[in-house]
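Have a look at the structure below before the remarks.
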Amino acid sequence: GAVVSQHPSRVICKSGTSVKIECRSLDFQATTMFWYRQFPKQSLMLMATSNEGSKATYEQGVEKDKFLINHASLTLSTLTVTSAHPEDSSFYICSARTGGIGNQPQHFGDGTRLSIL
Amino acid sequence: QKEVEQNSGPLSVPEGAIASLNCTYSDRGSQSFFWYRQYSGKSPELIMFIYSNGDKEDGRFTAQLNKASQYVSLLIRDSQPSDSATYLCAVNLRTGFQKLVFGTGTRLLVSP
């Protein structure tokens, strides 16, 4: 159980393109989803926390107008990187958690490797 | 002081040995603790979680929690080359109730 699906797995596109990444919980309802990015040889960096039906909470330094998050249902959250530039190239990973309290584990999707040319 | 600290390694152990991975955290009120394994180029996968002081065993893995000393550890018995990965410690801090804070990870190398 607790399977999280993330698509696409890899994106290569030109600078200025907007890219949408989907994160789905397949066998459970996720009241909270999280978006991370990870640069090579570095640890996970939390970008934002997404609660179903409400606005996402962004971490300090993350531009909410550039990284649009929508959590429209209990099984789907999307991250849109608007007008992507080469410095946005990274590994983006979503996770989902069951329940409304923080002590439940997060389950991760397979990640999306984004390369902006 | 970082909120969650891990030795970056690499920790090298021979096949069949016990690998011991350690993690310390700063917030004494932290409630829940998680170990994730991350292979190079892949996303993290949950190995174990622990909430109470003491040991929790699952197969070859044992998580140990000592809240008084503010450390959590992961033991891997009978280590295999396939266990070679980066192990991330994550803590649900009281002050950041919703989110997990991750350590930078310890790279484990198991040699045949």
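Below, chains carry the letters A, B, ... as their sequence lines are ordered, and counting in each starts from 1.
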(request) Return the minimal non-hydrogen interatomic distance between A/Ile93 and B/Pro44, and the atom names on each side. (result) CD1-CD, 4.0 Å
(request) Name the member of A/Thr49, A/Thr57, A/Leu44 that forms the most heavy-atom pairs with chain B at distances under 4.5 Å. (result) A/Leu44
(message) Does B/Arg107, at its CZ atom, have more than 12 non-hydrogen atoms belonging to other residues, nucleotides or ligands within less than 6.0 Å?
(response) no
(message) If you compare all heavy atoms of B/Tyr51 against all heavy atoms of A/Pro105, which two are closest, and at what distance to 0.1 Å?
(response) OH-CD, 4.1 Å
(request) Kindly say whether A/His107 contributes a backbone atom to a donor-acceptor pair with the side chain of B/Tyr36 at under 3.5 angstrom? (result) no
(message) When you compare the side chain of A/Phe34 with that of B/Lys99, does any pair of heavy atoms fall below 4.5 Å?
(response) yes
(message) Check for me, please, whether A/Ile21 and A/Leu46 land in the same ILVMFWY cluster - side-chain distances under 4.5 Å, paths through other members count.
(response) no
(message) Let me confirm one number: the OG1-NZ distance from B/Thr86 to A/Lys41, rounded to the nearest 0.5 Å.
(response) 9.0 Å
(request) Taking all non-hydrogen atoms of both residues into account, name the closest pair between B/Ser43 and A/Phe108 and its distance. (result) OG-CB, 4.3 Å
(request) Below 4.5 Å from any heavy atom of chain A, which atoms of B/Glu45 appear? Answer side chain, backbone, both or neither. (result) neither
(request) Identify whether B/Phe61 and B/Leu65 are in the same connected component of the hydrophobic contact network (ILVMFWY, side-chain heavy atoms under 4.5 Å). (result) yes
(message) Let me check something: do A/Met33 and A/Val4 share a hydrophobic cluster, defined by ILVMFWY side-chain heavy atoms less than 4.5 Å apart, either directly or through other members?
(response) no
(message) In the structure I gave you, are the side-chain heavy atoms of B/Lys42 and A/Asp110 within less than 4.5 Å of one another anywhere?
(response) no
(request) To the nearest 0.5 Å, tell me how far B/Phe102 CZ sits from A/Met45 CE. (result) 13.0 Å
(request) Report whether A/Val11 and A/Phe91 are members of the same hydrophobic cluster (ILVMFWY, side-chain heavy atoms less than 4.5 Å apart, transitive linking). (result) no
(request) Spell out, yes or no, whether B/Trp35 and B/Phe33 are grouped together once hydrophobic residues are joined by side-chain heavy atoms under 4.5 Å, including indirect joins. (result) yes
(request) Measure A/Gln38 against the heavy atoms of chain B and call it side chain, backbone, both or neither at under 4.5 Å. (result) side chain
(message) If you count every heavy atom of other residues, nucleotides or ligands that lies below 6.0 Å from A/Lys20 atom NZ, does the total exceed 12?
(response) no
(message) Looking at A/Lys55, I'd like to know if its NZ atom is crowded, meaning that more than 12 non-hydrogen atoms belonging to other residues, nucleotides or ligands lie closer than 6.0 Å.
(response) no
